[in-house]
Amino acid sequence: MAPIPGSGLAKGLAVTLRTMTRKSVTAQYPDTQPELPPRSRGVIGLFEENCTVCMLCARECPDWCIYIDSHKETVPPAAPGGRERSRNVLDRFAIDFSLCMYCGICIEVCPFDALFWSPEFEYAETDIRDLTHERDKLREWMWTVPAPPALDPGAEEPKEVATARKTADKLAAAQADDPGQEGRA
């Protein structure tokens, strides 16, 4: 069966007319904030207390947009007769968001959970050089990171939590058996 000449045009015009009669759904962005999906990728936040300056995030970044500077500091021994230790102290942690491609590799490879996705997305600058954000700005974004989703109630307890609970139960049982132990500690 041959198509009727002009039927494609008629179908296209019908779609156009249907669309024209509907109410528009334009969100006026600056006035109304968009509803972002949970755990959306906006910008990277830094939880500085967890950063050990291991440099994994900077080494694994495909764009080389993470800049880290540190120095070593000597820590006195924890107990008398112990030896001094050295530890890395973070001097600078910066991310150049004009280079970042938001792949999330830095967040995935961080073994100490120092980097997180924040839903903040309003950090536009008039000068591209201002898109390099230092640790102070990254720390501010850390507080906008949403809490992780709740665990599945049917899932088994993580091994770390189970071990910690067993240790706490043993400690509580030992203290219940010897009530004077608390004063000696």
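- For Arg139 and Asp136, the salt-bridge test passes: some basic side-chain N is under 4.0 Å from an acidic carboxylate O.
- If you chain together ILVMFWY residues whose side-chain heavy atoms come under 4.5 Å of each other, Trp143 ends up grouped with Phe47, Phe116, Met142, Val145.
- Heavy-atom neighbours of Ile4 CD1 from other residues, nucleotides or ligands within 6.0 Å: at or below the threshold of 12.
- The nearest pair of heavy atoms linking Glu84 to Pro76 is CG-CA, 4.5 Å.
- Taking the side chain as every heavy atom from C-beta outward, Leu56 and Phe112 never approach each other to under 4.5 Å.
- Within the 4.5 Å cutoff, no side-chain heavy atoms of Asn88 are placed close to those of His71.
- Applying the side chain to side chain donor-acceptor pair (under 3.5 Å) rule to pairs touching residues 101-113 yields Tyr102-Tyr123, sequence neighbours excluded.
- Other residues, nucleotides and ligands contribute only 12 or fewer heavy atoms inside 6.0 Å of the CD1 atom of Ile128.
- Both Ile95 and Met55 belong to a single network of hydrophobic side chains, linked directly or stepwise wherever heavy atoms of I, L, V, M, F, W or Y lie under 4.5 Å apart.
- Separation of atoms CD1 (Ile44) and SG (Cys106) is listed at 3.5 Å; rounding is to 0.5 Å.
- Ring planes of Trp141 and Phe97: perpendicular class, angle over 60° (limits at 30 and 60°).
- A heavy-atom distance below 4.5 Å is found between the side chains of Phe121 and Pro34.
- Of all non-hydrogen atoms in Val53 and Ile68, the two that sit nearest each other are CG1-CG2, 3.8 Å.
- His133 is not listed as a side-chain neighbour of Glu140, based on a closest heavy-atom distance of 4.5 Å or more.
- We find the CD-CD1 distance between Glu60 and Ile107 to be 14.0 Å, quoted to the nearest 0.5 Å.
- Counting heavy-atom neighbours within 6.0 Å of Arg92 CZ, excluding the residue itself, gives a total above 12.
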Determine, stepwise, if the pair Val15 / Lys11 fulfils side-chain contact (heavy atoms from CB on, under 4.5 Å).
-> CA-CA 6 Å; Val15 170; Lys11 286 180 185 177; 5.8 Å; no
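- Within the 4.5 Å cutoff, the side chain of Leu115 has heavy atoms near those of the Leu46 side chain.
- Distance check: Arg59 CZ to Cys54 SG gives 7.0 Å after rounding to the nearest 0.5 Å.
- Within 6.0 Å of atom CD in Gln33, more than 12 heavy atoms from other residues, nucleotides or ligands are found, so the atom counts as buried in its surroundings.
- Gly104 and Arg41 make their closest contact through N-NH1, 4.3 Å (heavy atoms, listed as atom of the first residue, atom of the second, distance).
- Between Pro119 and Leu36, the shortest heavy-atom contact is O-CD1, 3.5 Å.
- One finds the CG atom of Leu99 at 9.5 Å from the CG atom of Leu131 (value rounded to the nearest 0.5 Å).
- Arg135 CZ to Asp69 CG: the interatomic distance, rounded to the nearest 0.5 Å, is 10.0 Å.
- Here Glu157 pairs with Arg165 under the salt bridge (Lys or Arg N to Asp or Glu O under 4.0 Å) rule; sequence neighbours left out.
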